[in-house]
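Some notes on the structure that comes next.
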Amino acid sequence: MTDKILYKDIVPYEVPSSLDALRGPASGEIELPITVHWGPKRVFDLDNPSELVFAYRQIVREGTPEDQEELLNTDLLRKVWSEIWLPERCARLWKTKFPELAEP
């Protein structure tokens, strides 16, 4: 039997330089770049909890550090972190770099 290499094991997740570098808006609408979300809807209302969680999941999973720093807001990220479903490797990478996210 050969060892399979699965895409989920090699997805290149990235993280920002620091949580303090996150300078995204705290409310209103944000438009996600096509490289972060390629669905037909790319504008999300940060004041709508489900849209906020969806947009943040996409930014954390698919964004470059530059995207993350421009679009994520530190306070909002901390608020919704536990609600964002992330692949295990992605969540571990973020929690390793930012252990404060893993705190209750």
Side-chain angles (χ1 to χ4, degrees):
M1 181 176 223
T2 62
D3 292 326
K4 283 187 178 182
I5 297 174
L6 302 175
Y7 181 70
K8 70 177 188 143
D9 297 326
I10 60 170
V11 174
Y13 300 115
E14 298 188 76
V15 295
S17 60
S18 72
L19 291 181
D20 291 335
L22 304 180
R23 59 187 185 281
S27 65
E29 294 183 337
I30 59 170
E31 182 173 355
L32 301 185
I34 192 85
T35 55
V36 171
H37 180 64
W38 42 93
K41 176 182 166 122
R42 295 203 354 253
V43 176
F44 296 89
D45 182 358
L46 298 176
D47 300 313
N48 177 316
S50 61
E51 289 191 21
L52 168 64
V53 169
F54 181 86
Y56 270 42
R57 177 175 51 237
Q58 290 302 114
I59 298 165
V60 167
R61 288 180 63 170
E62 306 293 339
T64 64
E66 293 79 16
D67 294 328
Q68 294 161 349
E69 291 174 8
E70 178 185 340
L71 297 168
L72 295 173
N73 174 282
T74 305
D75 293 334
L76 285 182
L77 180 63
R78 289 174 195 262
K79 177 182 172 184
V80 300
W81 178 256
S82 64
E83 299 172 50
I84 300 174
W85 181 89
L86 295 168
E88 183 180 331
R89 279 184 50 251
C90 181
R92 187 176 19 184
L93 176 66
W94 277 72
K95 289 177 187 176
T96 298
K97 183 154 185 184
F98 309 116
E100 60 268 39
L101 290 176
E103 297 171 2

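Along the sequence shown, residues carry numbers from 1. Quick caveat, the model's predicted, so the values are computed rather than measured.
In this structure, the side chains of Val15 and Pro65 stay at 4.5 Å or more apart for every pair of heavy atoms. At a threshold of 4.5 Å between non-hydrogen side-chain atoms, the residues Trp94 and Pro16 count as touching. In this structure, the side chains of Leu76 and Leu22 stay at 4.5 Å or more apart for every pair of heavy atoms. In this structure, the side chains of Leu52 and Phe44 stay at 4.5 Å or more apart for every pair of heavy atoms. Within the 4.5 Å cutoff, side-chain heavy atoms of Leu77 are placed close to those of Val60. A 4.5 Å side-chain heavy-atom check between Glu62 and Trp38 finds at least one atom pair inside the cut-off. Looking only at side-chain heavy atoms (C-beta outward), Leu46 and Glu29 stay at 4.5 Å or farther from each other. For the pair Leu32 and Val43, the minimum side-chain heavy-atom distance is 4.5 Å or more.
Between Leu71 and Pro33 the shortest heavy-atom distance is CD1-CD, 3.7 Å. Looking at every heavy atom in both residues, Ser18 comes nearest to Phe98 through CA-CE2, 3.7 Å. Here the closest heavy-atom approach between residue Glu14 and residue Thr64 is recorded as OE2-CA, 3.9 Å. In this structure, Glu83 and Lys79 approach most closely via the heavy-atom pair OE2-O, 4.0 Å.
Taken to the nearest 0.5 Å, the CG atom of Leu19 stands 9.5 Å off from the CG atom of Leu72. Atom CZ in Arg42 sits 8.5 Å away from atom NE2 in His37 (nearest 0.5 Å).
Both Leu93 and Ile10 are assigned to one and the same hydrophobic cluster, defined by single-linkage of ILVMFWY side chains at heavy-atom distances under 4.5 Å. Tyr56 is not connected to Trp85 by any chain of hydrophobic side-chain contacts under 4.5 Å among Ile, Leu, Val, Met, Phe, Trp and Tyr, and they are in different clusters.
Residue pairs meeting the side chain to side chain donor-acceptor pair (under 3.5 Å) criterion with at least one member in residues 44-54, sequence neighbours excluded: Lys41-Glu51, Asn48-Ser50. The list of side chain to side chain donor-acceptor pair (under 3.5 Å) pairs with a residue in residues 68-77, not counting sequence neighbours, reads Ser17-Glu69.
No donor-acceptor pair under 3.5 Å is formed between the side chain of Arg61 and the backbone N or O of Cys90.
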Item to check | CA sep, side-chain torsions, deciding dist, call: Arg78, Glu100, side-chain contact (heavy atoms from CB on, under 4.5 Å) | outcome: CA-CA 9 Å; Arg78 289 174 195 262; Glu100 60 268 39; 3.7 Å; yes

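Within 6.0 Å of the CD1 atom in Ile5, the count of heavy atoms belonging to other residues, nucleotides or ligands does not exceed 12.
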